[in-house]
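This report refers to the structure that appears directly beneath it.
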Amino acid sequence: MADTPKIEISRRGFLKGAGITAATGVIESANAFARDAKGALHGAQTIGPDAQPIKLHINGHELAVSVEPRYTLAETLRDNLGLTGTKVVCDRGSCSACTVWIDKVPALACMTLAVDAVGREITTIEGLSHGDTMHSVQVAFVKHDAMQCGFCTPGMVMSCAALLERNPNPKLDDVKHAVSGNLCRCGTYPKVFAATLDVAQQRAQASGLVNLDTGTEA
Amino acid sequence: MNKFAFVDCKTVDQVLGQLGDGAMVKAGGIDLLDLMKEDIVSPPRLVNIRNVDSLRGITISTDGLHLGPLSTLSEIASHPEIQRSYSALADAAGHAATPQVRNMATLGGNIMQRPRCWYFRSSDFDCKKKGEGSDECHAHNGENQYHAIMNNSSCAMVHPSSTAVPLLGLGAQVELTSKRGKRMVAMSEFYVPPEKSVVNETVVRPGELITSIFVPAPEPGTRSAYQKYGEKESFDWPIADAGIVLVMDGARCRKASVVLGVAAPTPIRSKEAEAVLVGKTIDEGTARAAGKAAMLHATPLSQNGYKTQLFETAIYRTVLLAAGQMQRDQSAVG
Ligand SMILES: Cc1cc2nc3c(=O)[nH]c(=O)nc-3n(C[C@H](O)[C@H](O)[C@H](O)COP(=O)(O)OP(=O)(O)OC[C@H]3O[C@@H](n4cnc5c(N)ncnc54)[C@H](O)[C@@H]3O)c2cc1C
């Protein structure tokens with residue numbers, strides 16, 4: 001893409017939660033997609049081709065950003081919002097390094113336009129942890145050494161954490177299926193499987209359930 | 001990617017009002033953004049249909065299955081009634097691409113995606129498919145290991161839509177809506193082979209929108225299956241895929257559809273394979289003979305002769321899978 005997107009929020013500003021309100025305030029009145037109280041759009045709404053302000057709902061915050069329609073969600077997260085945990089590798093939907101959740105479902109940030117993410121609930125790797133407390137899947141990845149170069153790791157974690165949300169008691173084949181789109185060239189898959197199954201087992205034990213079937217024999 | 005205006009629509013009328021002047025419909029965006037990133041298409045306006053509620057939804061009635069074109073591949077693959085009565089379609093949707101792509105990709109976009117050919121998809125090459133005055137098909141004398149092995153004399157592209165394979169086998173119909181009204185097109189008429197038009201691969205005209213896909217209720221005794229073979233175990237395109245629909249009368253096969261995915265430039269039925277199956281008891285012998293018959297007229301290029309063998313095996317194993325005589329093939333991808 002030719003032009004550098006306009007930076008609305010600095011990384012540090014975002015991380016401290018400081019810049020958000022300021023930036024939002026500046027462009028509040030010019031939100032490109034006006035929605036009514038129920039969130040419904042009226043009529044066909046045109047945005048662009050030049051940069052226009054939009055609001056994105058990311059990790060529980062409403063963030064304002066000004067982008068051209070051609071900017072992907074991945075570029076917007078990384079370049080405009082400083083959320084560089086989401087990685088871009090192939091930029092064609094083939095490697096899933098850019099996996100985020102859109103309305104709780106794993107999706108590709110590189111093949112989603114930022115303007116098309118308006119009104120949806122975006123969760124990035126930064127949104128999984130609570131402050132300095134890592135998500136249990138992240139903890140298990142560290143424990144099982146489930147990463148090598150680490151570039152696929154955020155996407156991998158997003159896929160595994162989503163699996164556990166919808167299936168708290170996965171078998172090995174379920175984990176394999178869940179990460180079947182995430183390309184890891186270092187070959188960390190066995191440890192990714194072990195880490196994810198470990199979280200499931202720990203959660204089951206913590207909730208007093210007996211988990212006899214970890215599926216690791218398959 | 002070029003600069004473009006993004007128009008978010010809520011109704012079909014809004015969408016139809018926005019088409020024209022080079023505007024392109026965007027559904028899941030997986031194929032469209034890929035082509036735009038490669039500068040193969042540069043529309044001045046994207047018409048976003050993803051928020052048009054009337055294009056969503058899967059309903060099953062006595063006459064058959066009605067699929068909104070915005071149904072995602074994940075929704076189709078996980079739908080219990082589609083798994084039960086239209087298994088080949090659930091199989092195809094569930095084995096296409098990756099979980100993330102399946103969560104985003106829509107059925108309308110899947111059957112409308114542009115073909116695979118690395119010369120067509122690279123802006124470094126002009127070719128007759130791009131309609132830019134070039135008369136060349138670079139695949140004929142170039143790198144052609146994944147290209148078509150049948151009907152490939154004009155253009156050797158393949159159309160990789162996994163869902164089109166069972167839709168063709170199950171006799172689906174596509175509803176097209178334009179400002180002038182609606183028309184239904186049978187899946188068997190939907191794709192246009194390169195000998196008829198090298199530039200357009202479907203009958204969809206400018207200004208038309210897919211508004212529904214209908215699959216008639218299967219006759220009693222119908223069994224169907226789909227399997228896809230690729231180079232990698234996951235996140236890969238098919239290099240051979242087969243969709244089989246059998247109407248069984250006890251052990252005897254009364255009707256058969258044998259559909260080949262990426263054998264020819266567009267998905268095709270093999271009359272030769274179907275003739276082998278109809279009227280026979282389905283067993284290992286008839287299934288293998290069907291695979292052989294389907295490849296009778298194969299004309300592989302310099303690097304893709306292996307696909308002939310792969311299709312023979314794909315058809316043989318998928319016929320037996322549909323007939324309930326073989327397990328799903330572990331070497332079939334996804
Ligand atoms: C790594 C990878 C592997 C893949 N493997 C497979 C595979 O194995 N099998 C397979 O089938 N596919 C595969 N795909 C392709 C993917 O499934 C398609 O790109 C996707 O289904 C397109 O759907 P979409 O909704 O994103 O379409 P879009 O990109 O939004 O649209 C595609 C085209 O359809 C048109 N269109 C969309 N909806 C309509 C409508 N309602 N009416 C008229 N025109 C419309 C658009 O204008 C555009 O030209 C793979 C993709 C990737 C990235």
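Throughout, protein chains are lettered first and strands after them, A, B, ... in sequence-line order, and every chain is numbered starting at 1.
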Legend entry - Any side-chain donor near an acceptor of the partner, A:S159 and B:Q100, under 3.5 Å: yes
Inset, instruction - Sort A:A162 into side chain, backbone, both or neither according to what part of it lies under 4.5 angstrom from a heavy atom of chain B. - result: neither
Legend entry - Closest non-hydrogen atom pair, B:Q18 against A:A44: NE2-CB, 4.2 Å
Legend entry - Which atoms of A:S94 approach chain B - backbone, side chain, both or neither, heavy atom under 4.5 Å: backbone
Legend entry - Part of A:L183 lying under 4.5 Å from any heavy atom of chain B: both
Legend entry - Donor-acceptor contact below 3.5 Å, side chain B:N103 vs main chain A:P106: yes
Legend entry - Atom group of B:D13 that falls short of 4.5 Å from chain A, counting heavy atoms: neither
Inset, instruction - Please report the closest heavy-atom contact between B:M104 and A:L108, naming both atoms and the distance. - result: SD-N, 3.2 Å
Inset, instruction - Kindly indicate whether the side chain of B:F4, heavy atoms from C-beta on, has any atom under 4.5 Å from the side chain of A:P69. - result: yes
Inset, instruction - Rounded to the nearest 0.5 Å, what's the gap from CE on B:M1 to CZ on A:R70? Could you check? - result: 8.0 Å
Legend entry - Donor-acceptor contact below 3.5 Å, side chain B:K37 vs main chain A:D91: yes
Legend entry - Residues, nucleotides or ligands: over 12 heavy atoms within 6.0 Å of A:R185 CZ: no
Inset, instruction - Indicate the atoms forming the closest heavy-atom contact of B:P99 with A:G181, along with that distance. - result: CD-N, 3.7 Å
Tabulate below the donor-acceptor pairs under 3.5 Å that side-chain atoms of residues 23-36 of chain B make, not counting sequence neighbours, or state none.
{"unit_1": "B:K26", "atom_1": "NZ", "unit_2": "A:D116", "atom_2": "OD2", "d": "2.7"}
{"unit_1": "B:K26", "atom_1": "NZ", "unit_2": "B:N48", "atom_2": "OD1", "d": "3.2"}
{"unit_1": "B:D31", "atom_1": "OD1", "unit_2": "B:R121", "atom_2": "NH1", "d": "3.2"}
{"unit_1": "B:D31", "atom_1": "OD1", "unit_2": "B:R121", "atom_2": "NH2", "d": "2.9"}
{"unit_1": "B:D31", "atom_1": "OD2", "unit_2": "B:R114", "atom_2": "N", "d": "2.8"}
{"unit_1": "B:D34", "atom_1": "OD2", "unit_2": "B:R121", "atom_2": "NH1", "d": "3.0"}

Inset, instruction - For B:S234 and A:S180, indicate whether the former's side chain and the latter's backbone hold a donor-acceptor pair under 3.5 Å. - result: yes
Inset, instruction - State, to 0.1 Å, how close A:G93 and B:V101 come at their nearest heavy-atom pair, and which atoms those are. - result: O-CG2, 3.8 Å
Legend entry - Side-chain heavy-atom pair A:L113, B:L46 within 4.5 angstrom cut-off: yes
Legend entry - Contacting moiety of A:C110, where chain B heavy atoms sit under 4.5 Å: both
Legend entry - Among the listed options A:I102, A:N182, A:V179, the residue most often paired with chain B at heavy-atom distances under 4.5 Å: A:N182
Legend entry - Under the side-chain hydrogen bond (donor to acceptor under 3.5 Å, both in side chains) test, residues paired with B:H138 that sit two or more places apart: none
